[in-house]
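Worksheet for the structure shown next.
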Amino acid sequence: MLSTLRIDWNQWGRVASLVLFIALWQLVALYAQTKVLPTPTAVFSRLGHELFSGELLLHLGMTLVRVALAFTGAMLIGVVLGIVMGAKPRWNQWLDNLLILFLNIPALVLIILCYVWFGLTETAAILAVALNKIPTVAITLREGTRAVDKGLLEVAQVYRVSRWDTFWQVYWPQLYPYLFAAGRNGLALIWKIVLVVELLGRSNGIGFQLGTFFQYFDITGILAYTVTFVAVVLLLESTVVRPLEKRLNRWRA
């Protein structure tokens, strides 16, 4: 009973913080009386207009597709690289300098290079986003692999557990915290990079629309699309990421 009340209190706390932020925004906007800071009511009104016109759903849908493809590719490649580098010291020596190199290349440079090399295409856009994220995923999983409890692996070996079962039932569950850390960090980073990719070389998407609004100094439009963007992220976090993390980490309780 107490745990249920605690969970409800945490959920209400998150809602209360958002309500407080919106209320503070409303007060500051009313006090400032300036076009560069529209009120939340004006922003939500604009959001409703864009939603019912179909423009918002079109551009948001394109952005979500790019985010999903880039995120999936970056996670798959980064996880494999990280596990191999963490388990095999020789592979780590070979690839460590490359990871450091890609970690320190600015995202903008990779985006421009991909567009120059592969043209203003969807492939170039998704590749540019994935390349910016793969190194951070690989490094996170490398450290997770190094932290795996070798004693548990030895126990599985003593009991002659197959390599397949050892990996999925002993090895893999210990990587869950690192997977979620890489996923959360990756999703936050990919959202931002996708917007830059769309701004520079795509004809649709949230980033493209933000660039258009910027040209017309349309702050209300910029904030309306930003609110939508943030709402989608919060929805994914609360309905997918958090419940999945809790379920997969039950064995640690």
Atom pair [atom1]/[atom2] of [X] and [Y] - distance to nearest 0.5 Å:
X	Y	atom1	atom2	result
I222	R46	CD1	CZ	9.5 Å
F21	W25	CZ	CH2	6.5 Å
L187	M75	CG	CE	9.5 Å
W117	L110	CH2	CG	8.0 Å
I111	I105	CD1	CD1	12.5 Å
L200	L108	CG	CG	6.0 Å

If every non-hydrogen atom of [X] is compared with every non-hydrogen atom of [Y], which pair is closest and at what distance?
X	Y	value
L235	T239	O-OG1, 2.5 Å
I134	A74	CG1-CA, 3.7 Å
P38	A29	O-CB, 3.9 Å
A124	G119	CB-O, 3.2 Å
Q26	P40	OE1-CD, 2.8 Å
Y178	A147	OH-CB, 3.4 Å

Would you check if [X] and [Y] make a side-chain contact, meaning some heavy-atom pair closer than 4.5 Å?
X	Y	answer
N204	R66	yes
T63	H59	no
L24	L20	no
T140	F180	no
T72	L76	yes
I139	L103	yes
T212	Y216	yes
I206	L210	yes

### Query
By side-chain contact (heavy atoms from CB on, under 4.5 Å), which residues pair with A87, not counting sequence neighbours?
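By the side-chain contact (heavy atoms from CB on, under 4.5 Å) rule, A87 matches T145, Y171.
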
### side-chain contact (heavy atoms from CB on, under 4.5 Å) partners for S45, two or more places apart
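For S45 there are no side-chain contact (heavy atoms from CB on, under 4.5 Å) partners, ignoring immediate neighbours.
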
### Query
Only one of D96, V84, L95 clears side-chain contact (heavy atoms from CB on, under 4.5 Å) with R142; which?
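So the option named by the test is D96.
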
Cluster question for you: counting only ILVMFWY and a side-chain heavy-atom cut-off of under 4.5 Å, with indirect links fine, are [X] and [Y] together?
X	Y	value
L51	M62	no
V67	L58	no
I77	I100	no
F52	L47	no
Y31	I219	no

### Task
With sequence neighbours excluded, give me every salt bridge (charged side-chain N to carboxylate O under 4.0 Å, His left out) pair touching residues 169-192.
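Residue pairs with at least one partner in residues 169-192: R184-E237, R184-E245.
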
### Task
Provide the full list of salt bridge (charged side-chain N to carboxylate O under 4.0 Å, His left out) pairs with a residue in residues 101-121, sequence neighbours left out, each pair given once.
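Sorted result for residues 101-121: empty, none.
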
Quick one: list whatever passes ring pair (Phe, Tyr, Trp, His ring centres under 6.0 Å) with [X], sequence neighbours left out.
X	answer
F213	Y225
W164	W168
F229	W191

### Message
So, using salt bridge (Lys or Arg N to Asp or Glu O under 4.0 Å) as the criterion, who are the partners of R146 when residues are at least two apart?
### Response
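Residues passing salt bridge (Lys or Arg N to Asp or Glu O under 4.0 Å) with R146: E143.
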
### Query
R202: what forms a salt bridge (Lys or Arg N to Asp or Glu O under 4.0 Å) with it, not counting sequence neighbours?
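Only E122 meet the salt bridge (Lys or Arg N to Asp or Glu O under 4.0 Å) criterion with R202.
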
### Message
Under the criterion side-chain contact (heavy atoms from CB on, under 4.5 Å), I'd like the reasoning laid out for Y115 against V197: C-alpha separation, chi angles, the key distance, then a yes or no.
### Response
CA-CA 9 Å; Y115 276 148; V197 167; 3.0 Å; yes

### Query
Within the side chain of Q174, is there an N or O that forms a donor-acceptor pair under 3.5 Å with the backbone of V148?
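Absent.
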
### Message
Check whether N132 reaches the backbone of A128 with its side chain - one donor and one acceptor, N or O, closer than 3.5 Å.
### Response
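Answer holds: yes.
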
#### Entry: Listed once per pair and sorted, the ring pair (Phe, Tyr, Trp, His ring centres under 6.0 Å) pairs that draw on residues 72-99, sequence neighbours left out
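Listed by first then second residue: W91-W94.
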
### Task
Apply side chain to side chain donor-acceptor pair (under 3.5 Å) to T41 and T39, showing your working.
CA-CA 5 Å; T41 52; T39 62; 2.9 Å; yes

### Task
Share the residues that join V65 in a hydrophobic cluster, the rule being Ile, Leu, Val, Met, Phe, Trp or Tyr side chains under 4.5 Å apart at the heavy-atom level.
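Via sub-4.5 Å side-chain contacts, V65 links to L69, I126.
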
### Query
Taking only residues two or more places apart in sequence or in another chain, which ones pass side chain to side chain donor-acceptor pair (under 3.5 Å) with T136?
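So T136 forms a side chain to side chain donor-acceptor pair (under 3.5 Å) with K133.
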
### Task
Check the pair L195, L199 against side-chain contact (heavy atoms from CB on, under 4.5 Å), reporting the backbone distance first and the verdict last.
CA-CA 6 Å; L195 295 189; L199 177 66; over 6 Å; no

### Message
Assess the residue pair F118 and T123 against the criterion (side-chain contact (heavy atoms from CB on, under 4.5 Å)); give the C-alpha distance rounded to whole Å, side-chain angles, the decisive distance to 0.1 Å, and a yes or no.
### Response
CA-CA 8 Å; F118 304 106; T123 300; 5.7 Å; no

### Query
Stepwise, does the side-chain contact (heavy atoms from CB on, under 4.5 Å) test hold for V36 with F217?
CA-CA 9 Å; V36 299; F217 209 66; 4.0 Å; yes

